[in-house]
Peer 1: 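This structure is in structure tokens; I'll ask about it shortly.
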Amino acid sequence: MYSSKITGLGYYVPDNVVTNNDLTQWMETSDEWIQERTGIKERRWIDPKTEDTTAVMGAKAARIAIERAGLTKDDIDFIVFATLSPDMYFPGGGVQIQDMLDMPTIGALDVRNQCSGFIYSLSVADQFIKTGMYKNILVIGAENHSGGLERSTRGRGVTVIFGDGAGAAVLSRSEEEGKGILSSHLHSEGKHAEELALIGPSTNRWVPEIIEANDPEDTSYFPHMNGQFVFKHAVVRFSEAIVEGLQANGLEKDDIDMLIPHQANLRIAQFIQKKFQLPNEKVYNNIMRYGNTTAASIIIALTEAWEEGKIKDNDLVVLAAFGSGFTWGSVVIRW
Ligand code: UT7
């Protein structure tokens, strides 16, 4: 059986920086509250005057990843695309990327696993490569949150957290033993689906119903989060997923060279860091600058850490995520 390794990384975030103070033009909030509770200082939100959309940002990140892999678009065999904020209800964004990159008629699969989207996508791509079905797979996470957030005091508990952006990795076939993706573990617990969800528009609650009702109290078309409930589950599930990944490979927490947690809240990442007694240089966070970019967060952070020289050959890199669904999981990589 083959193994798969990451051969190219890229990310793209919109130029438009929205600071915590900028948010006060729409809602009652403060830089102090946001930084204290989440660690976020600023985020990128798409300027609607630009061409950026979820798929456009994904394509921009993908071009960089393909080039850094030393490949061309024609070398890519398959696309796995993770997002909770696609440009269209259907079809998914993977096919848009196939078109935007002018790729041949390769397959494109969309993954709907929110904050765990990139972990799930990497795992799916890994299986295709291990079995020998494909050689090079483009794995992308991209989100345009800003287009769907409620910019008012009512929505502040969610709105201040989320940012836009995209990241991409090329996963390639490798025959180097003990290198590349060592394991992936995926979980879900659907009974908590509505604790972090956007309920409508959907086939249960379709647009005409929402529009006809014209109910100012109806917030079903904005994301809803039971913040403290999600937080409590996140710290437990993050830890479980990391332990599970380490144990499956006969590794200990001290073997970790770099932990990249999904950037949900700096307090969650710090809790995990403390629990696993990891020094600062072994955990990469960038939520301060980008907020929570959901399916894009891990791949943007991984790319930045790699660009900054913080991930070296043979390092043990652990990726872990938890989010809406609930879904969570980990991927362990020997770089
Ligand atoms: O990525 C997917 C997974 N997501 C997560 O893991 C997120 C997990 N949850 C969290 O990160 C935190 O729960 C939040 C950052 C979302 C919220 O922090 P919190 O400490 O749990 O605050 P809270 O929701 O309990 O709200 C505390 C107070 C409330 O006021 P009262 O009722 O105590 O008077 C809120 O109305 O803070 C108020 N509040 C705000 N105040 C200023 C909520 N949002 C804001 C805001 N600015 N943006």
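Just the heavy atoms: all of them, side chains too, but no hydrogens, waters or symmetry mates, feed the values below. Note that ligands are numbered from 1 as they come in the structure, with each ligand's atoms numbered from 1 the same way.
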Peer 1: Restricting to side-chain hydrogen bond (donor to acceptor under 3.5 Å, both in side chains), what partner residues turn up for Q277, sequence neighbours left out?
Peer 2: K253
Peer 1: Write none if no such pair exists; otherwise list each N/O atom of ligand 1 with its protein N/O partner under 3.5 Å and the distance.
Peer 2:
unit_1	atom_1	unit_2	atom_2	d
ligand 1	1 (O)	H262	NE2	3.0
ligand 1	1 (O)	N292	ND2	2.6
ligand 1	9 (N)	G227	O	3.0
ligand 1	11 (O)	N265	ND2	2.6
ligand 1	13 (O)	G227	O	3.2
ligand 1	20 (O)	R37	NH1	2.7
ligand 1	22 (O)	R37	NH1	3.4
ligand 1	25 (O)	Q228	NE2	2.7
ligand 1	36 (O)	R156	NH2	3.1
ligand 1	37 (O)	W33	NE1	3.3
ligand 1	41 (N)	W33	NE1	3.4
ligand 1	47 (N)	T29	OG1	2.7
ligand 1	48 (N)	T29	OG1	3.1
ligand 1	48 (N)	R156	O	3.4

Peer 1: Indicate whether the side chain of D164 and that of S146 have a donor and an acceptor atom separated by less than 3.5 Å.
Peer 2: yes
Peer 1: Below 4.0 angstrom, N of the basic side chain to O of the carboxylate: do E304 and R289 qualify?
Peer 2: yes
Peer 1: If only side-chain N and O atoms count, and only distance matters, is there a donor-acceptor pair under 3.5 Å linking E150 with Y221?
Peer 2: no
Peer 1: Do K179 and D313 meet the salt-bridge criterion of a basic N to acidic O distance under 4.0 Å?
Peer 2: yes
Peer 1: Could you tell me whether H262 and F322 have their ring centroids closer than 6.0 angstrom?
Peer 2: no
